[in-house]
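Reviewing the structure listed below.
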Amino acid sequence: MRTDMQGFEGCYRRIDRQQDAQDHVSEVFVPSAAAIGPWSDELQHGGPVGALLTRSMRQLPHGSPGRIARTTVEILGPIAMAPIEVTARVVRPGRKIELLSAVAHQVSESGTRPVAQATAWWLRSDESVEVMHSPEPALAPPTDEELERGELGVPASWRRGFVGSLRWAVRTPIGRIDGPAIAWASMPYPLVEGEIGDDLERCVAIADAANGVGSRLNPRDWVFMNTELTVHLAQPPVGEWTGMVAESWIGGDAVGMSSAVLSDLTGPVGRVAQSLLLERL
């Protein structure tokens with residue numbers, strides 16, 4: 001299933017861009033229906049927002065060829081289905097290591113407020129193929145049968161908005177309690193309308209769904225909201241498909257955490273972790 005994107009192809013349409021003398025970049029985006037979250041049609045999903053912040057940091061001028069090795073996205077409050085302004089800057093420049101940051105703002109009745117922020121480490125890239133190693137086993141690619149079932153493996157209440165706009169290949173039941181859940185998801189459209197689309201942005205957006213894939217909880221009985229998203233990438237992700245081997249750790253005080261190994265069709269690429277706030281419905 002593909003969610004109606006309200007007349008444009010992508011999660012967002014950019015309507016303004018400015019850059020000052022210090023190379024601080026500010027952009028304004030309008031969300032489509034593909035940015036809607038799982039809990040309310042009035043709120044954006046954290047995945048596309050995190051990808052938008054990561055995109056802005058990736059596009060900053062850098063001192064040397066390299067890539068983002070870690071990005072952390074903090075959700076500061078409800079993110080309405082309304083225009084969102086993202087500002088990014090280099091906090092700590094360097095030839096080998098740079099610290100980047102980005103902040104997303106929205107206008108409300110009480111004024112302009114930050115709704116999400118992110119930081120990322122940009123590392124200089126070089127050649128190390130001869131010593132490549134991954135501690136995680138390769139994840140078998142989606143099968144024809146899994147692709148045919150598609151989103152049927154996803155809880156019906158989630159088959160809308162951002163989650164509903166993805167292509168799915170669910171290998172094990174989402175919410176299983178006897179081990180990690182396994183699923184592949186593809187974002188076959190750009191994050192921002194008119195752009196080619198970046199594999200890092202797709203991976204970050206999909207990674208935010210790890211707490212749902214490995215939830216261990218029935219969404220009809222529980223809400224499990226992640227307060228943040230941290231993605232470590234040992235290998236740059238390639239392609240539209242992101243695989244997740246995901247499982248949640250549920251504490252006894254309505255707090256937990258979700259973690260997952262991320263893969264693309266070439267092999268494992270990194271890990272994601274999220275803190276969870278649990279609420280009984």
Side-chain angles (χ1 to χ4, degrees), residues 1-15 27-56 73-86 104-108 113-118 150-168 170 174-175 183 185-195 197 201-213 215 217 219-220 222-229 240 242 244 258 272 274 276-277 279 281:
M1 181 191 71
R2 291 291 303 278
T3 296
D4 176 12
M5 294 187 179
Q6 296 180 341
F8 56 94
E9 182 76 359
C11 289
Y12 299 95
R13 171 180 286 169
R14 190 177 70 184
I15 60 174
E27 299 174 292
V28 180
F29 303 89
V30 175
S32 77
I36 292 174
W39 310 117
S40 169
D41 288 347
E42 304 301 319
L43 299 177
Q44 295 186 42
H45 193 289
V49 174
L52 204 58
L53 291 163
T54 301
R55 167 193 170 279
S56 295
V73 180
E74 314 279 2
I75 304 300
L76 304 179
I79 305 173
M81 283 294 294
I84 185 169
E85 180 179 6
V86 177
H105 289 85
Q106 284 190 316
V107 176
S108 65
R113 66 182 180 91
V115 293
Q117 63 186 25
E151 76 277 1
L152 293 178
V154 178
S157 61
W158 296 353
R159 296 176 206 162
R160 59 190 181 85
F162 174 66
V163 173
S165 75
L166 302 175
R167 294 176 61 201
W168 286 93
V170 179
I174 289 178
S186 169
M187 186 175 165
Y189 52 85
L191 178 71
V192 177
E193 180 192 36
E195 298 185 354
E201 296 157 13
R202 292 190 180 100
C203 181
V204 170
I206 292 171
D208 193 67
N211 67 310
V213 171
S215 62
L217 296 170
R220 292 176 296 184
W222 291 90
V223 173
F224 34 93
M225 296 179 290
N226 59 297
T227 58
E228 97 297 335
L229 170 74
E240 295 179 356
T242 297
M244 292 170 280
S258 174
V272 57
Q274 302 160 294
L276 300 177
L277 173 66
E279 291 186 352
L281 292 174

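All residue numbers refer to positions in the sequence shown, counting from 1.
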Can you find a heavy atom in the side chain of [X] that is under 4.5 Å from one in the side chain of [Y]?
| X | Y | result |
| --- | --- | --- |
| Leu276 | Asn226 | yes |
| Arg159 | Leu152 | yes |
| Trp168 | Val213 | yes |

Please lay out, stage by stage, how Thr242 and Met187 fare under the test side-chain contact (heavy atoms from CB on, under 4.5 Å). CA-CA 9 Å; Thr242 297; Met187 186 175 165; over 6 Å; no
Checking Arg13 side chain against Pro31 main chain: does a donor-acceptor pair fall under 3.5 Å? no
Identify the heavy atoms of [X] and [Y] that sit nearest to each other, and give their distance.
| X | Y | result |
| --- | --- | --- |
| Ala34 | Cys11 | O-SG, 3.7 Å |
| Ser32 | Gly10 | OG-O, 2.8 Å |
| Gly50 | Val73 | CA-CG2, 3.7 Å |
| His45 | Asp208 | CE1-OD2, 3.1 Å |
| Val204 | Leu229 | O-CD2, 3.7 Å |
| Ser165 | Pro188 | O-CD, 4.5 Å |

Starting at [atom1] of [X], measure out to [atom2] of [Y] and round the result to the nearest 0.5 Å.
| X | Y | atom1 | atom2 | answer |
| --- | --- | --- | --- | --- |
| Gln117 | His105 | CD | NE2 | 9.5 Å |
| Ile36 | Arg160 | CD1 | CZ | 7.0 Å |
| Phe224 | Glu279 | CZ | CD | 12.0 Å |
| Thr54 | Glu201 | OG1 | CD | 8.0 Å |
| Glu228 | Gln274 | CD | CD | 7.0 Å |
| Leu76 | Thr227 | CG | OG1 | 10.5 Å |

Heavy-atom count check: over 12 atoms from other residues, nucleotides or ligands less than 6.0 Å from Glu42 CD?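 No.
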For Gln106 and Ile79, run side-chain contact (heavy atoms from CB on, under 4.5 Å): C-alpha distance rounded to whole Å, both residues' side-chain angles, the deciding distance at 0.1 Å, then the answer. CA-CA 8 Å; Gln106 284 190 316; Ile79 305 173; 3.9 Å; yes
Given the rule in the side-chain contact (heavy atoms from CB on, under 4.5 Å) test, do Arg14 and Glu193 qualify, once you have shown the distances and angles that lead to the verdict? CA-CA 7 Å; Arg14 190 177 70 184; Glu193 180 192 36; over 6 Å; no
Is there a donor-acceptor contact under 3.5 Å linking the side chains of Tyr12 and Glu27? no
Could you walk me through whether Val272 and Asn211 pass the side-chain contact (heavy atoms from CB on, under 4.5 Å) test, one step at a time? CA-CA 10 Å; Val272 57; Asn211 67 310; over 6 Å; no
